[in-house]
Every structure is written in structure tokens, then in C-alpha cells.
Amino acid sequence: MVTKRIDCTEKAKNLIAQLKSKHGELMFYQAGGCCEGTQPQCFVKGGFYLRMNDVCIGEVENCEFWVDKDLFEYWKHAHFTLDVLDGFGAGGFSLETPLGKTFKIQYRIFTEEEEKNLAPVKHA
């Protein structure tokens, strides 16, 4: 069985559904910088230009989740869980910001067994 690199909470699923109904297809991007990189950003699909070697670690609710190549190297042994908090996020450009919400990632290290069966990634 293939181990997914990313999942999301019910709160995140509900917010994604709400954003999809308003904006259509979505994508996520998490940078490796100090500000916007602290939390994932949600954009209309194609609304963020990927950089060379950015990494798609999987999908949440049929939305690609991309990370900066350096961030991926640092966190490639960790499972991401997309969650939602009330409040204003670090970047402010993400689609959930006007709703007073912000996406957040919870990390956990893969088990040895999970590491053997990780889902493949794709590069920009």
C-alpha cells in the first residue's frame, strides 16, 4: 500500500469545498521562506507560478499541494496534514484570508514501514 505524503482534516476539507464553490479549481503552495513560507497558501489553480524544481507532494481534495524544493528536502521524511485555524495568516494572499481563516500544516515523521512505500512526487 502506498503511503500518502499529505492528508487534510475535516475542517480543511470543508474550507476547500467552500473556496472551490466560489473560485473553481484550486492549488496549494508552501514556500521555504520566512514569512509566506510559514503557512501554505491557497490559489486558484494556475494562479501561482511554480519555480524550477518545486515539488508536488500529492493532492488534498483534488488540489495539488506544491512545496519549495528546499522545504521538500528538509521535510521529505515527514507526513503533512493540512488544517485550518481562525485568524489572519502570514502571507495574506491566500484565498481563505478574507474569511478570517488560515491554512496550517501539522507534521509528523514517517514510520520506517511508511518510508518504504512513499507515494512518488513530481517536479515542476
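Residue numbers start at 1 and run along the sequence shown. As the structure is a prediction and not an experimental result, all values here were calculated from the model.
- Remark: A119 pairs with V2 by the side-chain contact (heavy atoms from CB on, under 4.5 Å) rule, at least two apart or across chains.
- With K20 contributing its side chain and E61 its backbone, the two residues share a donor-acceptor pair below 3.5 Å.
- For the ring pair (Phe, Tyr, Trp, His ring centres under 6.0 Å) test, residues two or more places apart in sequence or in another chain that qualify with F43 are F48.
- For S94 (side chain) and T97 (main-chain N/O), no donor-acceptor pair under 3.5 Å exists by modelled atom type.
- Aromatic ring pairs are classed by plane angle as parallel below 30°, tilted from 30° to 60° and perpendicular above 60°; the pair F28 and F65 is parallel.
- With rounding to the nearest 0.5 angstrom, the CZ atom of F72 is 8.5 Å from the CZ atom of F80.
- A search for salt bridge (Lys or Arg N to Asp or Glu O under 4.0 Å) contacts involving K76 returns E73, not counting sequence neighbours.
- Side-chain heavy atoms closer than 4.5 Å link hydrophobic residues (I, L, V, M, F, W, Y) into clusters, and following such links, possibly through other members, connects I105 to Y74.
- M27 and Y49 are not part of a single hydrophobic cluster, where members link through side-chain heavy atoms under 4.5 Å apart.
- Both L99 and I16 belong to a single network of hydrophobic side chains, linked directly or stepwise wherever heavy atoms of I, L, V, M, F, W or Y lie under 4.5 Å apart.
- Ring geometry for F110 versus H79: interplanar angle over 60°, hence perpendicular rather than tilted (30 to 60°).
- In this structure, E25 places its CD atom where only 12 or fewer heavy-atom neighbours from other residues, nucleotides or ligands lie under 6.0 Å away.
- In this structure, the side chain of Q39 does not engage the main chain of K104 through any donor-acceptor pair within 3.5 Å.
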